[in-house]
There are 2 protein chains.
Amino acid sequence: MSGLSIGQVAERTGLSVHTLRFYEREGLLAKPVRRGTAGHRVYSEGDVDWLGVCIRLRASGMPLTDIRRYTELVRAGQGNEVERLQVLREHRERVLAQMHELNECLKLITHKVAVYEGRLGLRDNVTDCAP
Amino acid sequence: MSGLSIGQVAERTGLSVHTLRFYEREGLLAKPVRRGTAGHRVYSEGDVDWLGVCIRLRASGMPLTDIRRYTELVRAGQGNEVERLQVLREHRERVLAQMHELNECLKLITHKVAVYEGRLGLRDNVTDCAP
DNA sequence: GTAGAATCTAGAGCCGACTCTAGGTCAAAC
DNA sequence: GTTTGACCTAGAGTCGGCTCTAGATTCTAC
């Protein structure tokens with residue numbers, strides 16, 4: 001598949017061109033991005049896919065250093081599957097914990113929303129049992 | 001009931017005393033904390049409960065400025081329930097979006113974990129269909 | 001009454017994750 | 001042939017959310 005300019009990748013991924021360069025500097029890309037004429041970056045579809053993974057990991061709260069670590073393992077090639085698994089499993093635990101926390105928060109908010117709706121008479125009255 | 005020192009509150013909430021003072025400066029407490037002899041803070045159970053709410057909101061990604069805004073509404077007393085509801089509903093939307101995102105991430109990780117387990121022969125072989 | 005721990009204020013420092021600036025190269029459109 | 005716009009590098013700046021320091025005061029236990 002052809003090759004994409006940094007601007008095109010920015011558009012596709014939703015990251016800014018600044019952030020794309022920053023991520024590269026930070027070692028988040030599996031392989032150094034290919035360069036075309038005049039040193040311009042040329043991204044492959046694979047690069048974009050990998051960025052998609054990074055974005056997901058970031059969105060779920062994985063710090064850049066951990067993503068870099070994982071990337072380094074992938075870059076190093078076969079033989080370190082155990083470490084990769086460890087990174088992934090640890091992150092999965094954090095994600096699950098975070099989901100649990102979000103659920104608790106959701107309960108709190110839903111309760112409070114019900115209380116205020118009650119006060120406003122939008123629904124049957126509900127009495128607040130703080131907090 | 002009595003009253004709690006900042007150190008005791010730190011222990012109960014898991015926040016540091018630094019953070020407790022910081023939160024107060026930032027206007028996150030519903031009412032200014034009572035002061036005892038020599039100006040030492042004396043927290044009520046209500047203060048601790050409110051801090052619990054703040055902690056939940058923070059843990060679910062609400063920025064301090066939004067928590068302050070909500071706190072100000074509560075402090076202002078009755079009559080602004082509509083605005084409070086708005087703040088809460090908006091945050092609920094963000095929380096739901098975040099949960100959705102986390103779920104997507106979880107799927108990705110679970111898939112990758114399965115792939116690596118497969119490669120390691122811990123389970124039946126699974127072939128990776130990138131990304 | 002004195003040592004050591006806890007508290008106070010004001011303000012500086014730090015960290016992660018971007019975000020932007022300055023100054024420059026290059027290609028294509030007019 | 002020059003202007004416009006996308007791209008380049010290196011490095012500085014910003015922002016949110018803490019976290020810590022300094023220097024003073026006060027409580028607690030001996």
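On a predicted model such as this, the values are computed, not experimentally measured, just so you know. In what follows, chains are A, B, ... by sequence order, proteins preceding strands, each numbered from 1.
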Legend entry - Whole-Å distance separating the CE atom of B/Met62 from the P atom of D/dG16: 16 Å
Inset, instruction - Using a cut-off of strictly less than 4.0 Å, decide whether B/Arg41 has a side-chain nitrogen or oxygen near OP1 or OP2 of C/dA6. - result: no
Legend entry - Rounded distance in Å - CZ (A/Arg68) to C1' (C/dG16): 11 Å
Inset, instruction - Figure out the NE2/C1' separation between A/His18 and C/dA22, and round it to whole Å. - result: 12 Å
Inset, instruction - To the nearest 0.5 angstrom, please state how far the CG atom of A/Leu57 sits from the CG atom of B/Leu108. - result: 6.0 Å
Legend entry - Contact under 4.0 Å: A/Arg21 side-chain N or O vs D/dT9 OP1/OP2: no
Inset, instruction - Give one of base, sugar-phosphate or nothing for B/Arg35, where a contact means two heavy atoms less than 4.0 Å apart. - result: sugar-phosphate
Legend entry - Rounded interatomic separation in angstrom, taking CD1 from A/Ile6 and P from D/dT9: 8 Å
Legend entry - Side chain of A/Ala38 - closest among C/dC26, D/dC20, D/dC18: C/dC26
Legend entry - Residues A/Ser5 and A/His40: side-chain donor-acceptor under 3.5 angstrom: no
Inset, instruction - Give a yes or no on whether B/Glu104 atom CD has more than 12 heavy-atom contacts from other residues, nucleotides or ligands under 6.0 Å away. - result: yes
Legend entry - A/Tyr23 vs C/dC18: side-chain N/O to OP1/OP2 distance below 4.0 Å: yes
Inset, instruction - Take the protein atom CG of B/Leu4 and the nucleotide atom P of C/dA6, then report the distance between them rounded to whole Å. - result: 16 Å
Inset, instruction - Report yes if a side-chain nitrogen or oxygen of A/Ser5 is closer than 4.0 Å to either non-bridging phosphate oxygen (OP1 or OP2) of D/dC7; otherwise report no. - result: yes
Legend entry - Closest listed nucleotide, where the reference is the side chain of A/Thr19 and the choices are D/dC27, D/dT19, C/dT19: C/dT19
Legend entry - Of the listed nucleotides D/dG17, D/dT21, C/dC20, the one nearest the side chain of B/Leu64: D/dG17
Inset, instruction - Would you indicate, yes or no, if C/dG11 has its OP1 or OP2 atom less than 4.0 angstrom from a side-chain nitrogen or oxygen of B/Arg25? - result: no
Inset, instruction - Could you tell me the separation between the CD atom of A/Glu24 and the P atom of C/dC18, rounded to a whole number of Å? - result: 16 Å
Inset, instruction - Remember a base hit wins even if backbone is also touched, and classify B/Thr37 as base, sugar-phosphate or nothing at under 4.0 Å, heavy atoms. - result: sugar-phosphate
Inset, instruction - Quickly work out the A/Phe22 CZ to D/dT9 C1' distance and round it to whole Å. - result: 16 Å
Inset, instruction - Name the closest nucleotide to the B/His40 side chain, picking from D/dT19, C/dT21, D/dT26. - result: D/dT26
Legend entry - Flag side-chain contact, heavy atom, 4.5 Å: B/Arg56 against A/Glu101: yes
Legend entry - Euclidean distance, atom CD of residue A/Gln8 to atom C1' of D/dA6 [Å, nearest integer]: 11 Å
Inset, instruction - Could you check B/Arg84 against B/Val87 for side-chain contact (heavy atoms from CB on, under 4.5 Å), going step by step and ending with a plain yes or no? - result: CA-CA 5 Å; B/Arg84 296 192 207 177; B/Val87 172; 5.8 Å; no
